**Student:** 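Quick one: this structure, given as structure tokens, is what I'll be asking you about.
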Protein chains: 2
Amino acid sequence: MSGQNFSKKRQMILDTIKSTDIHPSAKWVYETLKEQVPDLSLGTVYRNINLFKEQGLIIPVANVDGEERIDGDTSAHAHFVCKECGCVYDVPATHAPISEETCTLDGFCTHNTVLTYYGICGACTTI
Amino acid sequence: MSGQNFSKKRQMILDTIKSTDIHPSAKWVYETLKEQVPDLSLGTVYRNINLFKEQGLIIPVANVDGEERIDGDTSAHAHFVCKECGCVYDVPATHAPISEETCTLDGFCTHNTVLTYYGICGACTTI
DNA sequence: CTTAAAACAGTAATCATTACTGATTTGTTC
DNA sequence: GAACAAATCAGTAATGATTACTGTTTTAAG
């Protein structure tokens, strides 16, 4: 009755990604899960993240300070990246008018769209 | 009357970036200029690209296969990235409704906006 | 329980980018 | 146009994220 299920570690990696909204890096996922799963390997986290990306279970949303940040929420929405603290915030999809018309533009076949705002977040402005 | 001018190599690096629409990587700039300037160093290209980014003369537009791609055209427009060949194309700004309203959203101060479409380009579809 | 395939840990390798150091160029002042 | 200080550079070493590799462990099914 299994057969199509994920291995225990694979499932935990996906759960960890899906259960946070900080748009984590691979290293964050590794360090966070490492507490529960001491024999976790960083390579395993990378391998599974790549797998999830291929399967469309997660999406890469930004590259912050050389690290790729991913999102377990694959619904249409935009992101705000703070240049100061590196935090990645969700921005409601209403602010991101993704036009499906562009799919036929110049023969391009658009698979997904990424809209990202870069600037300074409220927390960093206040300080 | 000089004083604020760029060094010869710095100017050539900027000219090279500004004169192409392929949205080059640092390595492309290096290899392209290397033909004219045999004693050019890759470190110099990176250092000047970072300088130009700080000065707003160029903007980073995408990260393709681990390489940052830059654009010497700083006017508002979007980009299409082909997942197959890695080419980066300009998409007219009319397709990218960048809302300045988001600047005050949740205390965020937006400096710049990046809208990128990912998919397969016409050339790669045809083949 | 066996067994083959998939997944994994641990480590080494790769590759883009950055840092460092001593030499060269630039702009300025005479 | 020589001299000098600051900026820039070449070349190389270092860093750090990501990927590849190998031998071991887990998984799912018979």
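Quick note on labels: first sequence line is chain A, next is B, and so on, each numbered from 1. Quick caveat, the model's predicted, so the values are computed rather than measured.
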**Student:** Whole-Å distance between dT17(C) P and Leu51(B) CG?
**Tutor:** 17 Å
**Student:** Provide the closest heavy-atom pair for Met12(B) versus Val37(B) in the form atom of the first, atom of the second, distance.
**Tutor:** CE-CG2, 3.7 Å
**Student:** In whole Å, what is the span from the OH atom of Tyr30(A) to the P atom of dT11(C)?
**Tutor:**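 Those two atoms, OH and P, are 10 Å apart.
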**Student:** Remember a base hit wins even if backbone is also touched, and classify Arg47(B) as base, sugar-phosphate or nothing at under 4.0 Å, heavy atoms.
**Tutor:**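 Base, at least one base heavy atom under 4.0 Å.
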**Student:** Within this structure, what is the CG-to-P distance between Leu33(B) and dT8(D), rounded to whole angstrom?
**Tutor:**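 For the pair Leu33(B) CG and dT8(D) P, the rounded distance is 17 Å.
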**Student:** So which heavy atom on Ile58(A) is nearest to which on Ile49(A), and how close?
**Tutor:** CD1-O, 3.7 Å
**Student:** Rounded to whole Å, please give me the gap between CD in Glu68(B) and P in dG16(D).
**Tutor:** 18 Å
**Student:** How close do Leu40(B) and Tyr30(B) get, counting heavy atoms only, and between which atoms?
**Tutor:** O-CE1, 3.4 Å
**Student:** Counting side-chain heavy atoms from C-beta on, which of dA16(C), dA17(D), dC8(C) comes nearest to Tyr46(B)?
**Tutor:**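 Nucleotide nearest to Tyr46(B)'s side chain: dA16(C).
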**Student:** Just how far, in rounded Å, is C1' of dT25(C) from CD of Gln11(B)?
**Tutor:**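 Atom-to-atom, Gln11(B) to dT25(C), this comes out as 16 Å.
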**Student:** Ser41(B) has a side chain; which of dC8(C), dA10(D), dT8(D) sits nearest to it?
**Tutor:**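 Within the option list, the nearest is dA10(D).
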**Student:** Measure NZ/Lys27(A) against C1'/dT15(D) and give the value in whole Å, please.
**Tutor:**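 Value for this atom pair: 12 Å.
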**Student:** Among the nucleotides dT17(C), dA10(D), dC8(C), which one has an atom lying closest to any side-chain atom of Lys9(A)?
**Tutor:** dC8(C)
**Student:** How about Phe80(A) and Val88(A): do any of their side-chain heavy atoms sit closer than 4.5 Å?
**Tutor:**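 They are not in side-chain contact.
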**Student:** Looking only at the side chain of Glu67(A) (C-beta and beyond, no hydrogens), which of the listed nucleotides dA17(D), dT26(C), dT27(D) gets closest?
**Tutor:** dA17(D)
**Student:** Check every atom of dT17(C), dC9(D), dT18(C) against the side chain of Asn50(B) and return the nucleotide holding the closest atom.
**Tutor:** dT18(C)
**Student:** Would you indicate, yes or no, if dC9(D) has its OP1 or OP2 atom less than 4.0 angstrom from a side-chain nitrogen or oxygen of Asn48(B)?
**Tutor:**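 Yes, within the criterion.
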**Student:** Counting side-chain heavy atoms from C-beta on, which of dC8(C), dA10(D), dT18(D) comes nearest to Leu40(B)?
**Tutor:** dA10(D)
**Student:** Kindly point out which of dT18(D), dT27(D), dA9(C) is positioned nearest to the side chain of Asp39(A)?
**Tutor:**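 Taking heavy atoms from C-beta onward, the closest nucleotide is dA9(C).
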**Student:** Expressed in angstrom and rounded to an integer, what is the separation of Phe52(B) atom CZ from dT8(D) atom P?
**Tutor:**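 Distance check: Phe52(B) CZ to dT8(D) P gives 10 Å.
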**Student:** Any side-chain N or O of Thr44(A) less than 4.0 Å from the OP1 or OP2 oxygen of dA7(C)?
**Tutor:**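 So the side-chain polar atoms of Thr44(A) never come under 4.0 Å of the phosphate oxygens OP1 or OP2 of dA7(C).
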**Student:** Regarding Asn48(A) and Lys53(A), do their side chains bring together a donor and an acceptor under 3.5 Å, going by distance alone?
**Tutor:**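 No pair is found: no donor N or O on one side chain lies under 3.5 Å from an acceptor on the other.
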**Student:** Hey, does the side chain of Arg10(A) come within less than 4.0 Å of dC8(C)'s phosphate (OP1/OP2), counting only N and O?
**Tutor:** yes
**Student:** Return the value, rounded to whole Å, for the distance between atom CD1 of Ile49(A) and atom P of dA7(C).
**Tutor:** 16 Å
**Student:** Any side-chain N or O of Lys8(A) below 4.0 angstrom from OP1/OP2 of dT26(D)?
**Tutor:**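 Negative; the distance criterion is not met.
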**Student:** Quick check on DNA chain C: between Asp65(B) and Leu42(A), whose nearest nucleotide comes earlier from the 5' end?
**Tutor:** Leu42(A)
**Student:** Under the side chain to side chain donor-acceptor pair (under 3.5 Å) rule, what do Asp73(A) and His23(A) come out as? Steps first, then yes or no, please.
**Tutor:** CA-CA 9 Å; Asp73(A) 175 8; His23(A) 310 84; over 6 Å; no
